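Have a look at the structure below, then the notes.
All values reported here derive from a predicted model rather than from experimental measurement. These numbers come from the heavy atoms of this one structure, side chains and all, not from hydrogens, waters or symmetry mates. Lettering follows sequence order; numbering is per chain, from 1.
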Amino acid sequence: MWYLSQINLMEELPLEDLKEIERMAPMSKIPKGTIISSPGEAPPALYLLKKGKVRLYKLNREGKEFTLGILGDGNIFGEVETFSTGTRDTYVEAMEETLLCVLNKKDFEEFMKERPQLAIKLIGILTERLREAEEMLENLAYGSVQKRLLYLLSKLVHHFGNQKGAYWELDLRLSHQDLAAMIGATRETVSATLSELTRQGVISKERNKRDLRIHRKKMESMMNEK
DNA sequence: TCATTAATGTGTT
DNA sequence: AACACATTAATGA
């Protein structure tokens, strides 16, 4: 129940409503690597991600995965005809052990009817995502690869990073290919740009460690320049 | 641990 | 940015 109250959409609900949701959509534990949702099968549902991380991706014509984005604790996603939260034609994979609730379309819509304020809240969440998407588009259209990459890292870091002194620590397991796909660059350019940023001391990576450390001030100042 | 595959680094066009 | 190729890391039997 505590986890439910951590979900953005649900945080202001009274306890009795949380119990109601728990009854309709019991929490399930999803092992790392599980495909939660894939195109083709279309059980319209809303997912409440309580804890963990999921990766949204598509497949290109060669069958390679193309990462669209990452969602973390407290996010909602899924395909409910009433309000698309955007997973049609995309795969959703658990990047780590994840706790989530699955709410079917009927239950979700019933619940929304009872709770107009929830619908308003949902609009707010979708609006925020749209705003971020527009910001990303503008950035993709006009920025250099370095600027786009820094922008992406800043987004990831704000959602998933931990502040450690003058640095952000990011423990995402994204390949350079994934990062490249998200900013519309090639894998090689992303590798080269990351190396360059490492030389400049903006980011650093400990050997044999997946965590990426990003100097906060340097990142911000570099985003404003180039 | 070792062998195989995946990811990454870099020079050239 | 695309390509080729070298090097290094990750995986799993």
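Taking the ring centroids of A:W168 and A:H158, they lie under the 6.0 Å cut-off.
Between A:F77 and A:Y47, the two ring planes are parallel [angle under 30°; tilted spans 30° to 60°]. By the 30° and 60° cut-offs, the orientation of the rings of A:Y57 relative to A:Y91 is parallel.
A cation-pi arrangement is not found for A:R148 relative to A:Y151, the charged atom failing to lie both closer than 6.0 Å to the ring centre and inside a 45° cone about the ring normal.
Atom P of nucleotide B:dA7 and atom CG of A:L194 are separated by 15 Å, given to the nearest angstrom. To the nearest angstrom, P of B:dG11 lies 13 Å from CD of A:E196.
For the segment residues 172-191 of chain A, residues with any heavy atom less than 4.0 angstrom from an atom of DNA chain C are, sorted by number, A:A185, A:T186, A:E188, A:T189.
Scanning for salt bridge (charged side-chain N to carboxylate O under 4.0 Å, His left out) contacts around A:D107 gives an empty result, with sequence neighbours left out.
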